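Here's the structure we're looking at; comments come further down.
The figures that follow rest on heavy atoms only: side chains count, while hydrogens, waters and symmetry mates do not. The shown structure was predicted, so the numbers you read here are calculated from the model rather than taken from an experiment.
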Amino acid sequence: MASQKAIGFVGVDEFSLEMAHSAIRRGYGVRAFEINNPVIEEIVKLGGVRCSSPSEAGRDVTALVILISHIDQTNDLIFGDEGALKGLKPDTVLILRSTFLPSFLHKLEKDLEIHEIAYVVDAYVSYGRSDALNGKVIIVSSGRLDAIARAHHILTAMCEKLFTFEGEIGGGSKVKMVNVMLEGIHFINAVEALSLGAKIGIHPWIIYDIISNAAGNSWAFKNYLPLLLKGEVNHQILNTFIKELETILNMSKSLTFPLPILAATHLQLIHGASIVDSGEDVTVLTKVWEKVYGVKILDAANTDAYNPEQLASKFTTDSKSVRKIGFIGLGAMGFGMATHLLRSEFCVVGYDVYKPTLTRFTNAGGLIGNSPAEVSKDVEVLIIMVTNESQAENVLYGENGAVSALTPGASIILSSTVSPAYVSQLEHRLQMESKVDKMKMKDSCSVEKNTAVEKENSAAEVLFNYSISNHRHDNNADEGKNLKLVDAPVSGGVQRASLGTLTIMASGTDDALKSAGQVLAALSEKLYIIKGRCGSGSGIKMINQLLAGVHIAAAAEAIAFAARLGLNTRPLFNFITISGGTSWMFENRGQHMIDNDYTPCSALDIFVKDMGIVTRESSTWKVPLQLSTIAHQLYLAGLPTFAQVYEMLTGVRVEGKLQAQRKDTMLRSLPPEWPQDHVLDVQTLKESNSKILVVLDDDPTGTQTVHDIEVLTEWTTESLIEQFRKSPKCFFILTNSRSLSSDKASALIKEICRNLDTAAKSFDSIDYSEADAVVSVLGEMDAWIICPFFLQGGRYTIADTHYVDDSDMLVPAGDTEFAKDASFGYKSSNLRDWVEEKTNGRILASSVASVSIQLLRKGGPNAVCQHLCSLQKAELTGKRFLCRTAASFVSALMGIISKPPILPSDLGIASEKNGGLIVVGSYVPKTTKQVEELKLQCGQFLKSIEVSVEKLAMSPIEVREEEISRTAELADVYLKAHKDTLIMTSRNLITGRTAAESLDINYKVSSALVEIVKRVTTKPRYIIAKGGITSSDLATKALGARCAKIVGQALAGIPLWQLGPESRHPGIPYIVFPGNVGNSTALAEVVKSWTYPIIFTSTKEILNNAEKGGYAVGAFNVYNLEGVEAVVSAAEEEQSPAILQIHPGALKQGGIPLVACCISAAKQASVPITVHFDHGTSKQDLVEALDLGFSSIMVDGSHLSFNENAAFTKFITLLAHSKNMLVEAELGRLSGTEDDLTVEEFEARLTDASKFIDETGIDALAVCIGNVHGKYPASGPNLRLDLLKELHALSLKKGVYLVLHGASGLSKELVKECINLGVRKFNVNTEVRKAYMDSLITPKNDLVHVMASAKEAMKAVVAEKMHLFGSAGKA
């Protein structure tokens, strides 16, 4: 509808005309109301409609702009009988001009809410003042988030550049205050500088020409000063400034915030206005300032002007050749100047009190002297570049001073920043010829000093006014030397000093300037010769410093005031730089203030000195400089940056950086989520839509939220046709363009899109969607959608600012480690600013519309569709969108429902035993923390190999090759040994000097990792690739994958692929682990869930399973490695649980290594195996065994009386249970022999078994039913199965397991009967030992063969027993 794109105006002026014209050009209709104003006729000519009343202007419009400056009139135009309110709809945006105080705007907003007008913003409209935006409309607007979001595209349509301050209305008015206060200060400061300059004899137009290209420049200086000098500014401007500054000062009073510089400015303006009101003839403003400052500015401006650069050219052309130069003062600036002169083929002798600097100067090719006098011998030109006047005095006239050693006719170039008065007095002294008798001079060596000392806080400056009766020491030799002085202060900084591109303002006699001309020309890019007395050059430098010093102070005052007003100082800074409040120093130092940057370029010591010179000169010349004096006093506070003065005084923070926010607090402040889940609706839409979503992913991490979708790593037309033939709803193309330069990435995307276009045309029903490169092939899009929200990765966009979740804090993205990436870094956290930054200003932030989280959550899909058009509905109506998004967007667009993390069992690889391969190329700090945690948590089974980035990227090819080979060989060995293997690049970050060089380093590292993985021949159980570029290169280049299936996620935000059949390892789980996802433990969690499981089974669990399954488990005594391997190997082959059993005799011989061998084997086994300590008869042995890692122990107190046995067993049981160990005990005593233990035959009987179990709390009972250790008698075993049956019934009642010792020699039938009657553990020793001993009978050629033979012999016995006990196949 036309009404949906109409903007109404109530009140028109020149701004209204510009805004209306812009809106019409951008497709809006315009309706305007104004009683009497010719501007409205111009709007009608442009196509606008004149309205008869405010209500008509507001009827059915999208937005209504009210540009009225009077409060009462504004109220009447809105709420009156024919007021605009009568025509407004509830969703109309009301835009109020920011000429009112914020308090009035707040009240007006509340009044409008009563009338259901919800969207109200203010707008400060002005003209841009920068070169790019000069004369173009710029708007600053503020209001609630939802109001700004709704008004954004409307405001953008009416201006060239838009700044927004979300929060509360009134921000536009506040920004205007800050801009006006700066402009006012700069205006009066320019007048002060002009007055002092004219007073000391410098032509006003020369001041203007030089300063307008120097650090003292401001918009007010450059634009007001010519009009002042021409007498073209009316004094009415005074009243305008007075009124606006008074409003600002009243605001500061209400906030208890001091604005001393602004207050002084206001007083000067009032002083000027009082002169106007006195009736004196001051028709032009310049005459007012002549009265205020007592300086004839216009007379000075009307004297003959000259061109100081042309004058400099004349002197340098006629200058004398210079062979040897002395240079005193090799500080940062001086060293740069002196070394540049060396490179310009001058012979330079240098001196500085700091000895290391002299060494550096010698290394640069210079000569050095040990004193000023030594440096000055035989030089034609002496340059002095020291800090202040007292130092200059000392090097010239102090002990071993330069003057005494200079040859007659030599020239001195004084480049230090000193007062003009000092320069004039110095010239006078150098030229003065003594009229006193030389002999008298020798006898009377006195110097009368009239010393004026002005000491200000930490800055002390001494001005010597010499009345010389005699020079001291041998200064009589100076008489008649005709030494020449050139006053030549410099500006430009250290870098320009070393390049010879300084700005130099020189003054002196013609002869002096000709003598020094060649040297001055060599040091400067801009050389100005200032006519007048020697000291005029320092006069110009002083004027520049006066302006620059006040501008820094004003910038700090304004930014601090803005912070107190609640403004975000960063966008404020950006606005001021293109407005009338800007200055060179504001742009240069203001950035440091809002960055909280205390680097030396913001140090203030130099201005303590320079502003001290200004105030002293103003006092000497009787020119009242109030702003300069106040600024100087503030500098004397001595803080590192000027802004800190206001922070100290008021407690505000001027830093313009978004602060990290508590995640829970910020998320709670948001509206509730939209209550309806539209996933099913989206799925239904997709089913009815023939379009295929094609996602171009610059690295594999974009698949973080999808599953059961394919990803292609190639994009030939044939492969794309094949993919389209499958009719998927979506597929990914992995471009890996992140590792490419911008040009190469653009070319690649164009190629992919051309192939997509060609492939899609082969199918009638195919359509698809996926920045500039895409548009160049597929044509213009209706819009680009940028949506970096990514829940699984902790990425949130709130109020257009993108945040990253970090330890329960939301950190602005521009402040994170990812923003500092050498190749892909950025500064902006606000996404609108980010777009402007990444497009190098081609797309302005003001032209970016946003869909706020408030709109999403309050209005839902319909509101979003109205505001922007929802993606689905818009595309169904023919609109085309290019989406640049994070991973969450794709799953939402496709209606994909998330599923739990994928585990090895889901893919059927749980039994594969090779180690997994983890390759870490990402170097961001988050990855480093994750790797550290991985090593900490998984160190017991993880092998780590660190690859040197320096060797891969910065060393010769043979060193690189050696590092690649070493890593690949080690990895192969570890993987074959079933060890998970970590290959990681060294954590020291190496970057290039440029983004391109950094990309090249990345490429070298990534290609080396590819080569390493190529050379690994063992197929890993799984592969984890850490980092976007790394994961892409490994999949495509190292493993040869051309396609893969996205199975799901290994952890939230961490995609898991299965590589295609064409790859080196078809179907291998390939985990793409982004460098910027997960907390510090995430990598360890994934590795632990995918590593081959170490089965920590307990003996109790094994016996419990046996009880449930009705079978028994063998406990096999082992004595050495062969025995351990025989049991484990048999158990794995037969898929049987087993128990490795160590007798005290074996422990005595094998010690802790034997126990460690058993435990390690049990952990590495693929079936449940535990380690048991058998027949512990000694309390000491048992207590020691508790700490050796056994899963269970047997307490053998059968040699004791019942009571002693029960007490002994109970004591050990309590200790063992505290360590979750199973305890087995024996009540009766067996006959026979076990190891070296021989016992008498004893009637094996049950004696109060129930009481024994109750008193001891044991878990397993070794029964005595006629079984014996060792061999049974010739008559064979005679087991009391009736007793066993009773014991089984008792064990079931008491919850204990039955164990039978002496199983060797029992028939199969007896064993099975015992199992049927409840025996769950059989001890097997004799038969296994016999098999070992028998294997030794046959001679072997090598000990290895002996071990192998013994292992196989024992393994056969163990396997047979497992089948007999029924445990085979039960693992």
Side-chain angles (χ1 to χ4, degrees), residues 4-5 26 62-63 90-93 118-119 121 141-157 162-167 666-667 669-679 681-682 685 705 769 771 781-791 795-803 810 812-813 828-836 838-839 843-877 879-895:
Q4 290 182 316
K5 292 196 66 178
R26 296 176 186 181
T62 304
D91 60 352
T92 300
V93 178
Y119 304 109
V121 299
S141 184
S142 68
R144 293 195 315 267
L145 285 171
D146 55 346
I148 286 292
R150 195 169 187 85
H152 189 272
H153 63 285
I154 302 165
L155 293 165
T156 301
L162 173 66
F163 296 87
T164 57
F165 290 78
E166 294 91 350
M666 178 164 274
L667 296 186
S669 70
L670 300 175
E673 292 182 12
W674 183 251
Q676 297 174 347
D677 188 347
H678 291 281
V679 171
D681 297 336
V682 172
L685 272 172
T705 62
S769 304
M781 300 289 167
D782 288 288
W784 291 12
I785 293 178
I786 297 175
C787 183
F789 166 73
F790 178 29
L791 180 64
R795 305 293 190 272
Y796 300 86
T797 303
I798 302 171
D800 295 344
T801 298
H802 198 52
Y803 292 94
L810 293 183
S828 304
S829 301
N830 184 288
L831 290 179
R832 291 175 182 165
D833 297 333
W834 178 86
V835 171
E836 182 170 329
K838 299 304 283 186
T839 60
I843 300 176
L844 298 176
S846 58
S847 66
V848 179
S850 65
V851 179
S852 70
I853 197 167
Q854 284 76 13
L855 188 65
L856 286 165
R857 291 187 168 190
K858 288 182 176 180
N862 289 333
V864 175
C865 187
Q866 291 175 9
H867 178 66
L868 182 65
C869 291
S870 76
L871 186 64
Q872 289 289 348
K873 292 181 180 179
E875 288 197 345
L876 289 174
T877 58
K879 291 189 179 295
R880 306 173 75 212
F881 291 90
L882 179 71
C883 305
R884 298 192 61 178
T885 75
S888 296
F889 185 86
V890 178
S891 55
L893 184 63
M894 297 303 299

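The shortest heavy-atom contact between Ile148 and Ser142 is CD1-C, 3.6 Å. Residues Val835 and Ile843 approach most closely at CG1-CG2, 3.7 Å, considering heavy atoms. When all heavy atoms of Ser829 and Ala813 are compared, the closest pair comes out as OG-N, 3.5 Å. Closest approach of Tyr796 and Leu791 over heavy atoms only: OH-CD1, 3.7 Å. Pro788 and Ala886 make their closest contact through O-CB, 3.4 Å (heavy atoms, listed as atom of the first residue, atom of the second, distance). Residues Arg857 and Pro672 approach most closely at CB-O, 3.2 Å, considering heavy atoms.
Taken to the nearest 0.5 Å, the OG1 atom of Thr839 stands 9.0 Å off from the CH2 atom of Trp834. Rounded to the nearest 0.5 Å, atoms CH2 (Trp674) and CD1 (Ile853) are 14.0 Å apart. Annotation: the span from Ser141 atom OG to Phe163 atom CZ amounts to 12.5 Å, rounded to 0.5 Å. Atoms CZ and OG1, from Arg150 and Thr92 in turn, are 8.0 Å apart once rounded to the nearest 0.5 Å. The NE2 atom of His802 lies 12.0 Å from the CG atom of Asn830; values are rounded to the nearest 0.5 Å. To the nearest 0.5 angstrom, Ile154 atom CD1 is 11.0 Å from Lys5 atom NZ.
A heavy-atom distance below 4.5 Å is found between the side chains of Leu670 and Ile798. A 4.5 Å side-chain heavy-atom check between Asp146 and Tyr119 finds at least one atom pair inside the cut-off. Looking at heavy atoms from C-beta onward, Leu831 lies out of side-chain contact with Thr801 at the 4.5 angstrom threshold. With a 4.5 Å cut-off on side-chain heavy atoms, Arg884 and Ile785 do not count as touching. A 4.5 Å side-chain heavy-atom check between Val682 and Leu893 finds every atom pair outside the cut-off.
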* To do: Check the pair Phe789 / Thr885 against side chain to side chain contact (heavy atoms under 4.5 Å, CB included), numbers first and verdict last.
  => CA-CA 8 Å; Phe789 166 73; Thr885 75; over 6 Å; no
* I would like to know whether Arg832 and Thr164 meet side chain to side chain donor-acceptor pair (under 3.5 Å); could you show each step before the answer? => CA-CA 11 Å; Arg832 291 175 182 165; Thr164 57; 3.3 Å; yes
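A donor-acceptor distance shorter than 3.5 angstrom exists from the side chain of Arg26 to the backbone of Thr156, with no hydrogens or angles considered.
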